[in-house]
Each structure stands twice: as structure tokens, then as C-alpha cells.
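Counting starts at 1 for both ligands and their atoms, following the listed order. All values reported here derive from a predicted model rather than from experimental measurement. All values below come from the heavy atoms of this structure, side chains included, with hydrogens, waters and symmetry mates left out.
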Amino acid sequence: MSALAIKRLKIVLFLVCLIPLARTAWLAISAVNPIEFITHQTGTWTLIFLLLTLTITPLRQITGRNELIRFRRMLGLYAFFYVCLHFLTWLVLDHFFDFHAIIKDIIKRPFITVGFLAFVLLIPLAVTSTDKMMRRLKRNWGRLHKLIYVIAPLGVLHYWWLVKRDITQPLIFAVLLGILLAWRVVRRQRAVAAATSGARA
Ligand code: HEM
């Protein structure tokens, strides 16, 4: 794929990723409880973007299309963008900057604790997502970005814990995440096995 085609696709992807925001804003106007609606939408889209980010590598390995990697950063940054909106909705609209209630919520409600931890862990990944940081951190960049394997399960756990009855939705996210992580484990084991047999030969 040419550099121009990738550039154009990136612009398209950038705009497509804004559709959930436009849809949320539009539907929130007529929602019975707009704050709850925005919280749920932004939370769901954070999780979707986290999973989409994790889908790029398997997709690249299956299709052999290495250029897919060029879209991963944007998807990850959109996950961060939506979690910022999610967090700000909770902070500003839900708690009106009542810091006593905010701290109490983070400490006392396990699903908030876990969500907050996932959010905090995402910050260094977003901050170091630039080419400059990638070059500066060298191998540590890869190590740091492995945090995504902690963040995504925390996000699913956060969702699982907050659901009171019907666990279908968090279960779907958990299964999808399980597949994405299992794929990596299997690939790694195969690579190690191939390297060991190669070394013996
Ligand atoms: C990576 C981090 C996070 C992810 C992936 C995430 C994801 C989600 C999801 C999927 C939902 C449920 C949406 C639905 O019901 O349709 C949700 C709800 C919620 N999240 Fe998060 N979230 C994250 C971080 C946070 C943070 C940092 C806070 C606040 C400190 C927070 C507070 C909430 C609240 C208050 C709800 C609604 C709970 C309810 O309905 O009772 N989340 N989140």
C-alpha cells in the first residue's frame, strides 16, 4: 500500500472513530438520564477501542499486511480519548468536583478502583505514543506498552463488577479479550519452540 493511501485511510479512520462521540452527543440530548447515558457509551467505546487496538497484531499476522500496524496508535489513542471523556463525565457531571466523594468512591467501590487504575495506567502509554518517545525509550517502549495486557483485563473486570444482573455484555468482552490474549500466548510458545528446535539442529 502506498504512503498516500495509508495517509488517506488514516484520515478516514480518524473521522470514523469520531462517530461514536457524535452519536453519543446527539442521543444524550433526548436521553432520560444523559449523564448515565454518556457514562455508559464512553465506557463501552473505551473497551471497544482497547480491543480493536489489540486486534491489529493478530490481524496483521493472519493477513500478512504489515501496514495495519500504522493504524494501531490511532486506535489506542482513541481508547484514551474515550476513557478521558468517561472519567470526566464521572468527575464533573456525576460528582461535580466533590473531591471527598471522589476519593471515597475510588477507595470504597471496587469497580471504580479497578477502572481508575486502568485509566491511570493508560496515561503513560498515551504520553509515550509519539515517534520521539518511541525513539527515546528504545526497548523500554515495548516493555512499557505491555501494560496494555493489564489495562484491558482491568477494563473488562471493571465492567463485570458494575453489572448487577445480566452479564452477557461483559462476558462477550471477556471472551473476545481471552481470544486476543490466547492468540499471543500460542504464537509466543510456537516461536520459543521453533527457536529451541532450531538451536538444537
Ligand atoms: C480503561 C478504563 C475503563 C474502561 C474500559 C471502562 C469501561 C466501562 C464500561 C464498559 C462501562 C459500562 C457501560 C455500560 O453499562 O454499557 C463503564 C461504566 C462505568 N464506569 Fe468505566 N471504564 C473505565 C474507567 C473508568 C473510570 C476511571 C471511572 C471513574 C473513576 C469509571 C466509572 C464508571 C462508572 C461510574 C460507570 C457506570 C456504573 C453504573 O452504571 O452503575 N470508569 N465503564
Side-chain angles (χ1 to χ4, degrees), residues 16-57 72-129 144-182 184:
V16 167
C17 293
L18 285 172
I19 294 175
L21 176 67
R23 182 181 173 273
T24 303
W26 176 252
L27 294 178
I29 299 167
S30 53
V32 181
N33 185 339
I35 298 176
E36 195 182 280
F37 179 76
I38 296 169
T39 307
H40 287 193
Q41 287 299 309
T42 49
T44 305
W45 282 102
T46 302
L47 214 42
I48 291 173
F49 277 107
L50 280 177
L51 293 195
L52 284 175
T53 310
L54 283 170
T55 306
I56 293 291
T57 296
R72 192 173 62 177
R73 173 166 41 189
M74 196 189 296
L75 294 172
L77 283 173
Y78 263 110
F80 184 66
F81 172 66
Y82 280 100
V83 80
C84 285
L85 294 179
H86 186 61
F87 177 67
L88 284 173
T89 309
W90 175 81
L91 188 84
V92 183
L93 302 181
D94 217 7
H95 284 72
F96 307 103
F97 291 110
D98 177 352
F99 285 103
H100 180 70
I102 286 167
I103 304 286
K104 205 171 134 197
D105 226 13
I106 293 173
I107 296 170
K108 293 253 169 87
R109 297 169 84 190
F111 88 88
I112 296 280
T113 316
V114 163
F116 186 71
L117 183 62
F119 171 60
V120 170
L121 291 177
L122 262 173
I123 296 171
L125 302 202
V127 170
T128 59
S129 66
L144 178 68
H145 281 250
K146 288 218 165 36
L147 273 178
I148 193 73
Y149 302 129
V150 178
I151 294 164
L154 285 177
V156 171
L157 186 63
H158 164 75
Y159 193 5
W160 196 292
W161 266 350
L162 71 88
V163 167
K164 273 134 207 139
R165 267 167 303 204
D166 187 6
I167 57 148
T168 314
Q169 287 246 33
L171 184 65
I172 292 171
F173 279 113
V175 170
L176 291 175
L177 177 63
I179 294 169
L180 291 169
L181 297 184
R184 285 164 166 86

message = Here's a test for you: under side chain to side chain contact (heavy atoms under 4.5 Å, CB included), which of L27, I29, V32 qualifies with F37?
response =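 So, applying the side chain to side chain contact (heavy atoms under 4.5 Å, CB included) to F37 and each of L27, I29, V32, only L27 qualifies.
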Plane angle bin for Y82 and F49 - parallel if under 30°, tilted between 30 and 60°, otherwise perpendicular =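 Taking Y82 first and then F49, their aromatic rings lie parallel (interplane angle under 30°).
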request  = Please work out which of the three classes, parallel, tilted or perpendicular, describes the rings of F80 and F119, given edges at 30° and 60°.
outcome  = parallel
Please could you name the atoms of ligand 1 that [X] approaches to less than 4.0 Å, counting only its heavy atoms?
{"X": "F119", "result": "27 (C)"}
{"X": "F116", "result": "27 (C)"}
{"X": "L47", "result": "5 (C), 10 (C)"}

On a heavy-atom basis, which atom in [X] and which in [Y] lie closest, and how many Å separate them?
{"X": "T42", "Y": "T39", "value": "OG1-O, 3.2 Å"}
{"X": "L75", "Y": "C17", "value": "CD2-SG, 4.2 Å"}
{"X": "R184", "Y": "Y149", "value": "NE-OH, 3.0 Å"}
{"X": "G155", "Y": "A118", "value": "N-CB, 4.4 Å"}

Heavy atom of the protein closest to [atom] (residue, atom name, distance):
{"atom": "atom 16 (O) of ligand 1", "answer": "T44 OG1, 3.2 Å"}
{"atom": "atom 40 (O) of ligand 1", "answer": "H40 NE2, 2.7 Å"}
{"atom": "atom 1 (C) of ligand 1", "answer": "A118 CB, 3.5 Å"}

query = Between T128 and H145, does any side-chain donor sit less than 3.5 Å from a side-chain acceptor?
reply =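 On atom types as modelled, these side chains qualify, holding a pair under 3.5 Å.
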Residues R72 and T57: side-chain donor-acceptor under 3.5 angstrom =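 A donor-acceptor contact under 3.5 Å links the two side chains.
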task = State the count of protein N/O/S atoms located less than 2.8 Å away from atom 21 (Fe) of ligand 1.
result = 2
Shortest heavy-atom approach to atom 41 (O) of ligand 1 - which of Q169, Q41, K164 =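 Heavy atom nearest to atom 41 (O) of ligand 1 belongs to K164.
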